[in-house]
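Source: prediction; values computed, not measured.
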Amino acid sequence: MSEHPQLERVAANVYEIARTGDMRVPVRVYGSEPLIEEMRLEGDLTLTQGRNVATLPGIQKFAVVLPDGHQGYGFPIGGVAAVDTEEGVISPGGIGFDINCGVRLLRTPLTYDDVVGHEQTLVERLFETIPCGLGKGGYLDTDMDDLRGILAGGLEWMREHEHATTHDIDHCEENGSLPGDPRKVPPEALTRGLNQVGSLGSGNHFLEVQRVAEVYDREIAAAFGLEQDQVVVMIHSGSRGLGHQTCTEYIRRFERSFPAIAESLPDRQLIYAPLREQVADDYKGAMYAAANYAWANRQAMTQGVREVFERTFGVTDVELVYDVCHNVAKEERHQVNGREDEVLVHRKGATRAFPAGREEVPEAYRDVGQPVFIPGSMGASSYVLCGGDRSLELTFGSTAHGAGRVMSRTQAKREYDAGELQRTLREQGVYVRARSGATLTEEAPSAYKDVDEVIRVSDALDIGTKVARTRPVANIKG
DNA sequence: ATGTCC
């Protein structure tokens, strides 16, 4: 078993792996003692992967491991790596298989009292309306022309086809559109994506009706249009089979194009393409296209939610608070080497958390900071945060994205019973509907870490500050 | 995460 890299405590909740060997920068690890302990368990690769990331050509300042960091494909999940746009590289492992997996929050004009007694109807209608689980079928019917439009335009295409409002676009990271190139998306990925626009997927993806259970900062909550007991809807989903296939094929393509690089890596999963290479540009076009697809997917499900809320409660104003990416790389301006420069920021299982004043923050929120949503596990609290004042300095403007698992899927399936789990949650006022019992047990709340400690550290570091906590009311899953 | 192995 390989040794964990040596960690040095720099300040409260701040640790560093010093630069040694072929590392080009140090690694910053943000976390409390108990969170760091989990990264140092026997056989855990989180810190080793952090050190590997620090060897990437063109990486700037430091590799970042966030408080929810855990091991992933090549890079830690809960990691940030910013690279020079000329000397740097792009690595699919630093973005993730589920390109632009992310979370959006919708606000409704309802309070919890309006919904109590209607949970069963609500959860059934949501489940019938929004396709869940593996396989085909989306809320939106798309042909190949539609798909290409979505891949090129994201939410812009959705608005042109009356599936999104201007308000939706104004309240989405990157306005729901990056320069995607449909021609760079592998044909197999196109096929898989054709019938999945407006589908939830499986695993830890969910659509959850929640109520605002606690408000920590009333002023910022009000700026986000949120208050105590309000009913909101959280959607956690990504780019489905299309993003997965795109990632898989470009990893293969990079390995074939750069055998010498593949050979020299501390971990083959770290495979990358130098940004000056054509194939890096191809991947960027495909990755942005998959990101656009993920936004269209979450938007299509939003339309389904609106339909159900109108039918069930007669309300027509279900509005997007914001939509954040968890898995993407984007060009942004940051302070590096004592000056502001453009860098390509890889965020994998990490949420952009820009503070007040950044021009990327929508006008409506620019005076308070960017909304951040961190989902808890099914049946647990989720959090609304606000981009913190120190995020640019500490994490390239990022914070955590959620709680990781403590128990494997197979172990959770053995450990729990679907019917019993459903009854337990029901006793807590949480109505859950899943396409399969296995999904339910795999995602049992006790199979996940407590997200509270992650939030506490994010808040203490001032990279993402607490605004409100929500509790589940009704949840649909694959 | 994922038509959970081309």
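Separating the CG atom of A/N195 from the P atom of B/dT2 is a distance of 15 Å, rounded to the nearest angstrom. Nucleotide B/dT4 holds its P atom 17 Å from the OH atom of A/Y73, rounded to whole Å. Taking atom CZ on A/R409 and atom C1' on B/dT2, their separation rounds to 10 Å, with Å as the unit. Taking atom CG of residue A/N100 and atom P of nucleotide B/dT2, one finds them 13 Å apart after rounding to whole Å. We find that CD of A/E442 is positioned 9 Å from C1' of B/dT4, with the value rounded to whole Å. Between the P atom of B/dT4 and the CD atom of A/E443 lies a distance of 17 Å, rounded to the nearest Å. Atom OH in A/Y250 sits about 19 Å away from atom C1' in B/dT2, given to the nearest Å. Atom-to-atom, CD1 of A/I251 to P of B/dC6 comes out at 14 Å; the value is rounded to the nearest Å.
Among the heavy atoms of the strands lying under 4.0 Å from A/G201 are primed sugar atoms or P, OP1, OP2 only; no base atom is included. In this structure, A/E188 reaches the bases: a heavy-atom distance under 4.0 Å links it to at least one base atom across the strands shown. Heavy atoms of A/G238 sit nowhere under 4.0 angstrom from any nucleic acid atom. A/T248 comes within 4.0 angstrom of no nucleic acid atom, judged by non-hydrogen atoms across all strands.
Checking A/H244 against A/L134, the closest nucleotide of DNA chain B that is more toward the 5' end is the one next to A/H244.
Side-chain contact check for A/Y288 versus A/L151: every heavy-atom pair is 4.5 Å or farther apart. With a 4.5 Å cut-off on side-chain heavy atoms, A/L105 and A/Y322 do not count as touching.
In this structure, A/R240 reaches the B/dT2 phosphate: one of its side-chain N or O atoms is under 4.0 Å from OP1 or OP2.
Defined by atom type and a distance below 3.5 Å, a donor-acceptor pair is missing between the side-chain atoms of A/D146 and A/H161. A donor-acceptor contact under 3.5 angstrom links the side chains of A/T399 and A/S458, judged on distance only.
Scanning residues 290-300 of chain A for heavy-atom distances under 4.0 Å to DNA chain B yields an empty list.
For residues 428-447 of chain A, there are no ring-ring contact (aromatic ring centres under 6.0 Å, His included) pairs, not counting sequence neighbours.
Figure legend: cation-pi geometry between A/K61 and A/F396, with NZ or CZ positioned under 6.0 Å from the six-membered ring centre and within 45° of its axis.
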Tabulate below the donor-acceptor pairs under 3.5 Å that side-chain atoms of residues 263-274 of chain A make, not counting sequence neighbours, or state none.
{"residue": "A/S264", "atom": "OG", "partner": "A/I261", "partner atom": "O", "Å": "2.9"}
{"residue": "A/D267", "atom": "OD1", "partner": "A/Q269", "partner atom": "N", "Å": "2.9"}
{"residue": "A/Q269", "atom": "OE1", "partner": "A/G74", "partner atom": "N", "Å": "2.8"}

